[in-house]
Amino acid sequence: MDFDTITSISTPMGEGAIGIVRLSGPQAIGIGDKLYKGKKKLSEVNTHTINYGHITDPETNEIVEEVMISVLRAPKTFTREDIIEINCHGGILTINRILELTMTYGARMAEPGEYTKRAFLNGRIDLSQAEAVMDFIRSKTDRASKIAMNQIEGRLSDLIKRQRQSILEILAQVEVNIDYPEYDDVEDATTKFLLEQSKNIKEEINRLFDTGAQGKIMREGLSTVIVGRPNVGKSSMLNNLIQDNKAIVTEMAGTTRDVLEEYVNVRGVPLRLVDTAGIRDTEDIVEKIGVERSRKALSEADLILFVLNNNEPLTEDDQTLFEVIKNEDVIVIINKTDLEQRLDVKEVKEMIGDIPLIQTSMLKQEGIDELELQIRDLFFGGEVQNQDMTYVSNSRHISLLKQARHSIQDAIDAAESGVPMDMVQIDLTHTWEILGEIIGESASDELIDQLFSQFCLGK
């Protein structure tokens, strides 16, 4: 497939030690030669080398920048095209000047994700691997980056390809049955083979689908909202969990006026921690806005940490919050155990039933370990799976696996009911096509364009 030559800045905008302008396409090295002055022309140097020299403006012969240029020749590159990467100082003006020169002499500005899209279209990676590239960039924890790296390396792709190959083998056997319907023993053998293989495929799809909940949490983080009345210790809890003083803590109720959000890794579980303004009736306009945002965050939460004050009895606001959260995944925390107990703990236990209850003192940092273990136990049954396990973490993949599971079950049900094989073949083919969408074998151009549009520019 022939493409033009694209260019972009591949490092974050702003001042830095190094900035990189990347070019990919048939004219990448030729454009580099027009701008580069060094010991040799870039077209004459060995592939996969880095070369010292200067970028100059061909029109004026002015030296623009001192650079190191990497030369990578097709097909052993990320895009399977010729690539050069111009490494320069990270000043905004300089790097933009080099970018402008590359476009003046033949390249065009790359679209978001276009390098990775070319890697996909040129067969360097499949669609699930391409999506994993952006998951890796956006990962917030070590485990999330490990899952993404496994997918970049093709673990999920290999599993999907094996299941698709198994379906093709079933379909080939079904074709034999359709071609020779007069042989009863062929039909019986085909049905037996189809059921055995289809059930094996379904089991593998189920196994992958079952990793989806954990994988999605690993990828996106568990949306965890800390709620409670003002001044019960919500901000102190946030600070303790992230081990930093991000939230302002004072003795004055209503200090937190808005929603604060931080990512933290708790016992292998990535949390997107949200510290909310204390939920109460208030006439303060700014605080009222914060309370409304708190209620919205509460409605979108995967996990709620409901904080009570050990030093105060239950109030009407506490009772109202109990009603709001009673059907959600909740951990109740009785904080400020370093102060005199005025809260009726027995009453609280009767109200919450089987909901986990933890007692803490954020001031003395007591109960934090127990809270972290409870979070892990609540979502991962006390154990995060082996790091080498293949997870499905992408919502699109999870949805497609659900469809594939339904389709293969239709094939199994049809075969067990004695439906003609050419009808069973339709469900098997549909399953094969759905699995192909995961790796891009049967994805539409519109889907591909939409997925890569979400990538950052330069990747």
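Numbers here simply count residues along the sequence, with the first being 1. Remember, predicted model here, so these are calculated numbers, not experimental data. Side chains are part of it too, since the values below use all heavy atoms of this structure and drop only hydrogens, waters and symmetry mates.
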* To do: Using a cut-off of 6.0 Å, state whether more than 12 heavy atoms not belonging to M423 lie near its atom CE.
  =>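 Not more than 12 within 6.0 Å, no.
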* Distance-only polar pair, side chains of N200 and E196, donor-acceptor under 3.5 Å ->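 The criterion, which ignores hydrogens and geometry beyond distance, is not satisfied for E196 and N200.
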* For the residue pair Y115 and S10, confirm or rule out a side-chain donor-acceptor distance under 3.5 Å. =>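 Y115 vs S10: no donor-acceptor pair found between side chains.
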* **L72 CG to I50 CD1 distance, which is reported to the nearest 0.5 Å** =>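 That separation rounds to 9.5 Å.
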* **Reported CG-to-CD1 distance for the pair D422 and I426, which is rounded to 0.5 angstrom** =>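 D422 atom CG to I426 atom CD1 measures 7.0 Å (nearest 0.5 Å).
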* **Set of side chain to side chain donor-acceptor pair (under 3.5 Å) partners for D427, sequence neighbours left out** =>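 Side chain to side chain donor-acceptor pair (under 3.5 Å) list for D427, sorted by chain: empty.
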Partners passing salt bridge (charged side-chain N to carboxylate O under 4.0 Å, His left out) against [X] (at least two apart in sequence or in another chain):
X	result
E416	K199
D449	K117
D369	R267
E204	R207

* Scan I412, L168, L194 and name whichever one has a side-chain contact (heavy atoms from CB on, under 4.5 Å) with L428. =>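 The option that passes is L194.
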* Residues R118 and D82 bridged, charged N to O under 4.0 Å ->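 Not counted as a salt bridge, because no side-chain N and carboxylate O are separated by less than 4.0 Å.
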* Asked: Any idea which heavy atoms bring H48 and K76 closest together, and the distance?
  ->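 That closest heavy-atom pairing would be NE2-O, 2.9 Å.
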* Decide side chain to side chain donor-acceptor pair (under 3.5 Å) for N335 and T360; before the verdict, give the C-alpha distance in whole Å, the side-chain angles of both, and the deciding distance to 0.1 Å. => CA-CA 5 Å; N335 189 35; T360 65; 3.0 Å; yes
Which pairs would a plain distance check flag for residues 17-28, meaning a side-chain donor or acceptor within less than 3.5 Å of a matching protein atom at least two apart in sequence or in another chain?
{"unit_1": "R22", "atom_1": "NE", "unit_2": "E85", "atom_2": "OE2", "d": "3.0"}
{"unit_1": "R22", "atom_1": "NH1", "unit_2": "G458", "atom_2": "O", "d": "3.0"}
{"unit_1": "R22", "atom_1": "NH2", "unit_2": "E85", "atom_2": "OE2", "d": "3.2"}
{"unit_1": "S24", "atom_1": "OG", "unit_2": "T79", "atom_2": "OG1", "d": "2.9"}
{"unit_1": "S24", "atom_1": "OG", "unit_2": "E81", "atom_2": "OE1", "d": "2.6"}

